[in-house]
Amino acid sequence: MSQSQTASSTGRTALALGIVALVIGASALGYAVYLGLSQVPSQLSAVTVNVPCSTSQPCANKTFRVDWFLSNQTGQDRFYPSGITVIQGDNITIILITNDTTDAHTFTINLGLRGFSSSTFFQLNNSWTGLSSGGFITPGTPGYNLNFTGKADGCNDNNGNTFACNTQKQDDTANGGTGPSGACNNTASTPPPCNLWSIGYLGVVNTPGVYEFHCFYHQKGGMVGYITVLPNKGFSP
């Protein structure tokens, strides 16, 4: 590869990372950003790549692990990482891992990045017996549950269809927990973390843009992140 090509590729990568940082920074300040089915920002178009691939032959199979953590600065629920960058034509799998002692969490995103309506959602749900919906969903509204009495439900697949949640609980008996089939004990004075994980196939992303993902229970508290899909000249449906 020539030096000029290398420099050009490096420049595009740096610009892409800068755009992602700008988007995440803007969201932290509460500014409006390009989400869902909005037009692709001109800055994003400037970093268009050219990788031959298609829906049937994806560019790459990529798995992203998204964790829950409690922000030291705000004391609020957050995603880590909160920013994910892929290219049009990538085939995506999401692993959601949470170890909260009290609250349930979800990974929820509209399927505009797959060409569906923005009202069509993909959702993983890390809830479990003994956890709660937290303080942002008020009694009487959909999703409110002071303490869940059953396993997770309300999951949606990569086409937006409801499917049986595959949420699993770690065997935590060695740490004073209730085991892989027991409740998350959030009533004890020092409850062990309730380690939950779920895996979902998001599929081939085919529509460039910046898309918000959020926790259904804590979106109002700022538990959000963004997937940036870079345009790819080499992609064909």
Side-chain angles (χ1 to χ4, degrees), residues 1-67 79-96 107-124 156-161 163 199-214 224-237:
M1 179 179 291
S2 69
Q3 185 176 3
S4 61
Q5 287 177 315
T6 302
S8 177
S9 176
T10 302
R12 286 196 300 269
T13 301
L15 180 57
L17 294 175
I19 292 167
V20 174
L22 179 63
V23 168
I24 299 304
S27 66
L29 293 172
Y31 295 142
V33 295
Y34 290 89
L35 299 176
L37 301 179
S38 301
Q39 289 185 331
V40 179
S42 59
Q43 298 96 324
L44 209 57
S45 298
V47 290
T48 297
V49 298
N50 190 357
V51 180
C53 61
S54 65
T55 301
S56 58
Q57 295 292 328
C59 295
N61 296 316
K62 297 180 178 179
T63 298
F64 294 96
R65 169 177 168 158
V66 180
D67 293 273
F79 285 114
Y80 182 81
S82 59
I84 295 171
T85 303
V86 298
I87 69 171
Q88 185 182 12
D90 279 344
N91 192 31
I92 309 301
T93 296
I94 299 292
I95 303 176
L96 176 63
F107 178 99
T108 306
I109 188 170
N110 78 61
L111 286 174
L113 77 180
R114 281 179 43 82
F116 289 88
S117 163
S118 60
S119 62
T120 306
F121 283 87
F122 167 88
Q123 179 165 274
L124 303 176
N156 296 91
D157 65 15
N158 62 323
N159 292 313
N161 299 316
F163 77 101
I199 301 174
Y201 171 58
L202 182 55
V204 177
V205 294
N206 57 22
T207 306
V210 181
Y211 302 86
E212 180 193 275
F213 59 86
H214 61 267
V224 300
Y226 300 92
I227 294 181
T228 300
V229 182
L230 299 177
N232 178 13
K233 289 181 179 178
F235 175 75
S236 59

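With Asn110 contributing its side chain and Phe121 its backbone, the two residues share no donor-acceptor pair below 3.5 Å. Between the Asn206 side chain and the Thr55 main chain, no donor and acceptor come within less than 3.5 Å of each other.
Contact check for Asn159 versus Arg114: side-chain heavy atoms found under the 4.5 Å cut-off. Residues Tyr211 and Leu111 have side chains not in contact (no heavy-atom distance under 4.5 Å, counting atoms from C-beta outward). In this structure, the side chains of Val229 and Thr207 stay at 4.5 Å or more apart for every pair of heavy atoms. Taking 4.5 Å as the limit, every side-chain heavy atom of Thr93 sits out of range of all side-chain heavy atoms of Asn61. Counting only heavy atoms from C-beta outward, the side chains of Phe163 and Asn158 never approach each other to under 4.5 Å.
A distance of 7.5 Å separates CD1 of Ile87 from CG of Leu230, quoted to the nearest 0.5 Å. Between the CG atom of Leu113 and the CD1 atom of Ile227 there is a distance of 6.0 Å, given to the nearest 0.5 Å. Distance check: Asp157 CG to Leu124 CG gives 10.5 Å after rounding to the nearest 0.5 Å. Once rounded to the nearest 0.5 Å, the distance linking CD1 of Ile109 with NE2 of His214 reads 9.5 Å.
Using the six-membered ring where Trp is involved, Phe107 and Phe213 have ring planes that are parallel, under 30° apart on the 30 and 60° scheme.
By the side chain to side chain contact (heavy atoms under 4.5 Å, CB included) test, Cys53 pairs with Cys59, Asn232, Phe235, sequence neighbours left out. For Phe64, the side chain to side chain contact (heavy atoms under 4.5 Å, CB included) partners at least two apart in sequence or on another chain are Lys62, Ile84, Val86, Ile92, Ile94. In this structure, Lys233 has no salt bridge (charged side-chain N to carboxylate O under 4.0 Å, His left out) partners at least two apart in sequence or on a different chain.
Residues Pro58 and Asn91 share a closest heavy-atom pair of CB-CB, 3.7 Å.
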